[in-house]
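In what follows, a single structure is set out as structure tokens and then discussed.
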Amino acid sequence: MLVNIHSLTKTYKEDQAVKGISFQIEKGKCTALLGPNGAGKTTTLQMLAGLLSPTSGNIQFSGTQKDFRHRIGFLPQHPTFFSWMTAKEFLQFAGKLSHLSKAKLEEKITETLEFVSLTDVRNKRIGGFSGGMKQRLGLAQALLHEPDLLILDEPVSALDPNGRRDVLEILLQLKETMTILFSTHVLHDAEQVCDSVIILKEGLIKWNGSLDSLKNSQATSAIQIRTAESLENVFDDLANVQYKDANTATLFVDSTFDSNLFLKRLMEKNRTLLHFERLQDSLEDAYMKVMNQ
């Protein structure tokens with residue numbers, strides 16, 4: 001385990017933004033921190049990055065007793081740049097703050113700019129960069145000192161579709177070699193990149209586990225059918241049936257439901273089956289069920 005977080009709390013005057021949450025970050029995994037605006041995601045990430053001091057609780061980084069900030073790369077939701085600097089100058093500045101040697105810094109600047117596809121603009125001023133280019137430069141800054149944990153706060157929320165795709169593709173490459181924790185409210189992004197999810201609501205953890213276990217734990221077994229004849233009086237004994245029209249219905253059943261018995265019933269009632277589909281809950285369906293619990 002790379003990081004253990006125990007009873008982490010952050011209070012601003014009378015507002016408790018994070019309410020005693022505990023979880024672990026497994027080495028080599030990519031974890032998404034999900035939740036609506038105001039759930040406590042940014043506050044949690046800033047405490048993990050060492051930018052905010054917890055009101056109570058503790059963060060224990062494997063193999064580090066006290067200051068663990070040098071082991072973390074952090075990209076805020078709205079990174080700040082000096083527009084008059086070039087990309088290379090900005091990374092030189094960031095590298096010096098991370099205490100990289102001159103030789104190591106030059107090597108890492110070349111390597112990270114190539115990785116985020118900014119080599120061709122290394123000597124151009126940041127003021128002329130697009131939003132996607134700035135986000136990739138911010139990511140290069142976070143990777144420069146080879147952190148053990150990469151923390152990203154809403155890394156693609158402000159980007160256009162092309163910029164979003166570029167950053168997500170970079171994250172897919174990074175997860176092969178690095179531990180990543182990123183926050184988002186876009187479920188599709190989490191589904192594309194992460195291995196596990198932590199769902200926050202009003203400063204509390206509502207779910208913590210793998211994507212598959214989230215879907216399975218909240219799954220509803222359902223079958224959608226359409227017949228040539230009306231379905232009237234066919235499923236009167238079932239408690240949960242939703243009719244789209246006279247010939248189309250969704251049956252909510254348990255996991256032991258025998259589809260052969262279902263087909264036998266249709267035959268006994270002289271109904272002609274035109275469409276049969278087992279419905280799978282999406283990540284969004286599972287997320288909404290957790291949030292409404």
Could you report the tightest heavy-atom contact between [X] and [Y], atom names first, then the distance?
X: F81; Y: G138; value: CZ-N, 3.9 Å
X: N247; Y: S230; value: ND2-N, 3.8 Å
X: A87; Y: V121; value: CB-O, 3.9 Å
X: G40; Y: T44; value: O-OG1, 2.8 Å
X: L159; Y: R164; value: CB-N, 3.7 Å

Taking [X] first and then [Y], would you say they form a salt bridge - that is, a charged N and a carboxylate O separated by under 4.0 Å?
X: E89; Y: R125; answer: no
X: E111; Y: K108; answer: yes
X: K27; Y: D148; answer: no

**Close side-chain approach of E146 and R71, heavy atoms under 4.5 Å** = no

**Message:** Does any part of the side chain of T184, heavy atoms only, come nearer than 4.5 Å to the side chain of E154, both counted from C-beta?
**Reply:** yes

**Prompt:** Taking the six-membered ring for Trp, are F82 and F93 ring centroids under 6.0 Å apart?
**Reply:**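 Ring-ring flag for F82/F93: true, centres closer than 6.0 Å.
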
Check whether more than 12 heavy atoms from other residues, nucleotides or ligands sit under 6.0 Å from atom [atom1] of [X], and answer yes or no.
X: E232; atom1: CD; answer: no
X: H99; atom1: NE2; answer: no
X: M1; atom1: CE; answer: yes
X: N292; atom1: CG; answer: yes
X: R69; atom1: CZ; answer: no

**Asked** Roughly how far, to the nearest 0.5 Å, is the OG1 atom of T250 from the CD1 atom of I223?
**Response** 10.0 Å

**From CG (L118) to OG1 (T112), nearest 0.5 Å** = 9.0 Å

**Asked** Can a donor-acceptor pair be found between the side chains of S183 and D153 at a distance below 3.5 Å?
**Response**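 The answer is yes; a qualifying pair exists.
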
**Request:** Assess the side chains of E229 and T272: does a donor N or O sit below 3.5 Å from an acceptor N or O?
**Result:**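 Yes.
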
**Message:** With side-chain contact (heavy atoms from CB on, under 4.5 Å) as the test, pick out the partner of I199 among L33, N208, L34, I205.
**Reply:**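 For I199, the side-chain contact (heavy atoms from CB on, under 4.5 Å) check succeeds only for L34.
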
**Message:** Treating K19 as the side-chain partner and T9 as the backbone partner, does any N or O pair qualify as donor plus acceptor under 3.5 Å?
**Reply:** no

